[in-house]
6 protein chains.
Amino acid sequence: MMPRLIDYAEAGPEVRAVYDAIKAARGVPDVNNFWKALAVDPPTLRRTWESLSQVMAPGALDARTKEMLYLAVSMAAGCAYCTASHGAAARRAGMDEAMFGELLAVVGMAAETNRLAEALRVPVDPAFET
Amino acid sequence: MMPRLIDYAEAGPEVRAVYDAIKAARGVPDVNNFWKALAVDPPTLRRTWESLSQVMAPGALDARTKEMLYLAVSMAAGCAYCTASHGAAARRAGMDEAMFGELLAVVGMAAETNRLAEALRVPVDPAFET
Amino acid sequence: MMPRLIDYAEAGPEVRAVYDAIKAARGVPDVNNFWKALAVDPPTLRRTWESLSQVMAPGALDARTKEMLYLAVSMAAGCAYCTASHGAAARRAGMDEAMFGELLAVVGMAAETNRLAEALRVPVDPAFET
Amino acid sequence: MMPRLIDYAEAGPEVRAVYDAIKAARGVPDVNNFWKALAVDPPTLRRTWESLSQVMAPGALDARTKEMLYLAVSMAAGCAYCTASHGAAARRAGMDEAMFGELLAVVGMAAETNRLAEALRVPVDPAFET
Amino acid sequence: MMPRLIDYAEAGPEVRAVYDAIKAARGVPDVNNFWKALAVDPPTLRRTWESLSQVMAPGALDARTKEMLYLAVSMAAGCAYCTASHGAAARRAGMDEAMFGELLAVVGMAAETNRLAEALRVPVDPAFET
Amino acid sequence: MMPRLIDYAEAGPEVRAVYDAIKAARGVPDVNNFWKALAVDPPTLRRTWESLSQVMAPGALDARTKEMLYLAVSMAAGCAYCTASHGAAARRAGMDEAMFGELLAVVGMAAETNRLAEALRVPVDPAFET
């Protein structure tokens with residue numbers, strides 16, 4: 001299967017409604033390729049957009065911290081598209097070069113110690129469980 | 001191989017020196033199981049501690065944000081020990097229940113969209129590359 | 001190392017025998033790149049083809065269900081080549097656009113709840129063990 | 001952090017409403033540990049239940065196929081809790097021992113060829129892209 | 001589903017034949033739990049044993065190197081059972097404590113640089129492709 | 001974010017010092033893209049180079065075995081860049097085609113049995129723990 005991207009012009013009303021909501025919420029003239037690809041299944045498109053809107057709304061954590069967490073998880077998962085898109089989003093939300101460098105260092109260090117802890121099958125300390 | 005934990009009493013001088021450094025830096029009476037397991041290879045123990053100290057020192061990002069990034073990556077990697085230990089560390093650094101709930105939501109949402117983007121082999125938008 | 005693909009013309013007899021078996025079984029004029037790459041190690045080529053033939057033969061599950069399971073696992077593993085090749089195979093075996101959309105939704109949802117269950121270190125319910 | 005499970009008796013009204021919906025939809029007297037763990041963040045609990053209900057409702061694919069896809073992805077992700085819970089759900093939806101054996105074989109085989117395709121960086125065949 | 005282990009006494013003839021082959025090849029009085037679990041699907045049990053025998057036979061690489069590679073991959077995959085069983089096998093094949101320490105260091109370091117290379121989406125150097 | 005590569009000419013003194021150390025240690029006229037990408041965060045660049053030098057120095061294991069372990073882990077992690085770069089390094093350290101074929105077979109087989117062991121949640125044999 002070739003990656004298929006559905007543009008606004010060829011989209012049906014259910015897909016257009018989601019595209020309109022994304023464009024309005026973000027103040028952008030067009031949606032990203034992720035949404036155009038997800039439009040192959042309109043219910044998944046709509047549900048993903050609604051969930052993402054709720055999850056990424058500022059709350060106890062500010063938008064920049066949320067985007068940096070999203071970027072770190074995407075890096076750990078090795079998703080190139082997600083790393084590019086959430087890297088751009090985190091920068092728009094205020095992540096500067098120094099913050100990015102430290103985020104990168106944490107992601108790398110965590111990957112190493114995650115593997116070491118699993119490789120050695122380290123038992124959880126009782127102190128962590130209180 | 002059974003997980004082997006090396007206590008201070010049975011450790012050689014190279015291992016004890018690292019244990020002493022950890023206890024001093026953290027103001028704790030004993031080191032966690034992770035370090036006791038890593039002590040099977042003293043050079044890895046020392047190098048890991050030195051790297052971790054540098055990476056986790058507050059800089060452009062504060063300690064709480066760094067610990068939350070570490071926790072999110074550990075959750076994404078499915079490392080139970082790391083999730084427990086960095087969950088405890090993030091709480092000590094100020095993560096409250098509401099922040100933890102939002103971090104959890106971001107980790108789950110990112111896991112879903114990471115898979116969707118890869119499943120659909122979405123091409124990177126040119127706008128992300130500038 | 002550059003990805004090296006071994007064509008029929010340059011292949012030795014052990015590799016040609018496997019290529020012939022694949023072409024006969026599938027009724028195709030040439031084998032896919034996966035097999036041409038695997039031919040760098042003829043025993044692995046042969047063993048993989050024989051195992052795959054056995055595993056994918058219709059049995060308690062029909063060919064379409066097996067190909068959809070293969071596709072879902074490949075998506076979860078983030079393997080772009082496998083997602084493309086098993087996406088094509090699943091469509092040939094009868095997966096239509098609506099089925100693909102629902103498969104995509106399950107893969108995404110499972111990725112999210114897999115991470116949430118591990119992040120929260122949820123203990124297995126006794127009821128699942130009977 | 002110890003895994004914390006929130007029982008109905010100690011739950012607030014938002015959590016109870018979701019628990020009631022799950023119990024009604026499934027005809028069970030209590031919810032599984034997954035939901036009790038997710039209740040630490042009520043919005044994530046509610047959103048996950050609503051999404052799961054939509055995704056797992058029979059449509060172009062029947063309930064058994066959907067549960068088997070969910071199980072296969074959970075196995076591929078190495079999530080022990082999810083493997084146990086969706087294994088039980090797939091059996092309730094009609095997966096018998098022979099089907100499970102074949103699903104297991106596909107998951108194992110896919111894991112192997114996913115790695116081989118990535119290890120050899122196999123280029124996608126043009127034929128897959130049409 | 002509870003992990004089900006099939007002992008020799010309750011096994012059918014196809015399973016017993018594989019158990020006998022494993023016991024003869026390894027000179028052990030009983031098979032490991034992995035084989036007892038895999039016996040839920042006799043064709044998968046047989047195919048896995050036959051493949052493993054071929055793959056792990058000494059060839060261009062000696063048995064110790066093969067077991068250390070198997071262990072390193074199992075650690076990287078976070079498989080606790082595999083880490084325990086191939087850790088034991090690698091020790092039987094001659095891996096001593098110093099070798100294990102260096103293997104552990106490589107696994108941890110590779111995990112870190114794997115993530116960093118993917119996080120930064122580093123383009124492959126032309127020099128690697130010749 | 002576009003992958004950014006920092007050449008010697010535009011690098012500051014801290015980065016140049018690391019580049020000089022890499023070039024001297026390896027006897028090469030320029031560093032690989034990995035280092036040029038990592039230079040976005042000079043402390044991570046320096047720390048990664050120093051750690052890698054220590055980890056990969058011959059010790060109880062020779063250079064070829066260490067590079068093959070690194071390659072196997074990188075393949076298992078699905079890191080294309082790392083597979084290309086450590087494939088080239090392992091060949092320089094003496095891995096020939098036959099060794100590569102056997103390494104590939106082990107990586108594939110381990111991926112399969114890792115998943116099967118986790119899918120079946122196999123309990124660790126007491127014999128492995130002594």
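Residue numbers begin at 1 in each chain, while the letters A, B, ... track the order of the sequences.
Most heavy-atom pairs under 4.5 Å with chain F: of the set Met68(E), Glu112(E), Gln54(E), this distinction falls to Met68(E). Counting heavy-atom pairs closer than 4.5 Å to chain E, the top-ranked of the candidates Asp96(F), Val124(F), Leu61(F) is Leu61(F). Comparing Val40(E), Leu5(E), Leu52(E) by heavy-atom pairs within less than 4.5 Å of chain F, the highest count is held by Leu52(E). Your options are Cys82(E), Gly78(E), Ala111(E), Gly101(E), and the one with the most heavy-atom pairs under 4.5 Å with chain F is Cys82(E). Chain F forms the most heavy-atom pairs under 4.5 Å with one residue out of Ala76(E), Ala98(E), Ser74(E), Ala72(E), and that residue is Ser74(E). Most heavy-atom pairs under 4.5 Å with chain E, from the set Val73(F), Val55(F), Asn114(F): that is Asn114(F).
Every residue two or more places apart in sequence or in another chain that forms a salt bridge (charged side-chain N to carboxylate O under 4.0 Å, His left out) with Glu14(F) is listed here: Arg46(F).
When side chains are defined from C-beta on, Tyr8(E) counts as touching Arg16(E), because their heavy atoms get closer than 4.5 Å. Counting only heavy atoms from C-beta outward, the side chains of Met95(E) and Glu67(E) never approach each other to under 4.5 Å.
Considering CG of Leu116(E) and OG1 of Thr48(F), their distance stands at 5.5 Å, rounded to 0.5 Å. Between the CG atom in Leu120(E) and the OG1 atom in Thr113(E) there is a gap of 11.5 Å [rounded to 0.5 Å].
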Side-chain polar contacts of residues 21-34 of chain E - donor-acceptor pairs under 3.5 angstrom, sequence neighbours left out - could you list them?
{"residue": "Asp30(E)", "atom": "OD2", "partner": "Lys36(E)", "partner atom": "NZ", "Å": "2.7"}
{"residue": "Asn33(E)", "atom": "ND2", "partner": "Pro123(F)", "partner atom": "O", "Å": "2.9"}

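Contacts from residues 102-109 of chain F to chain E, taken as heavy-atom pairs separated by less than 4.5 Å, involve Glu102(F), Leu103(F), Ala105(F), Val106(F), Val107(F), Met109(F) in sequence order.
Neither the backbone nor the side chain of Ala89(E) comes within less than 4.5 Å of any heavy atom in chain F.
Counting only residues at least two apart or in different chains, ring pair (Phe, Tyr, Trp, His ring centres under 6.0 Å) contacts with residues 42-70 of chain F comprise Trp35(F)-Trp49(F), Tyr70(F)-His86(F).
Judged purely by atom type and a 3.5 angstrom limit, Lys66(E) uses its side chain to pair as donor or acceptor with the backbone of Ala57(E). Side chain of Asp125(F) to main chain of Phe128(F): no donor-acceptor pair is present (N/O by atom type, distance under 3.5 Å, no hydrogens or angles).
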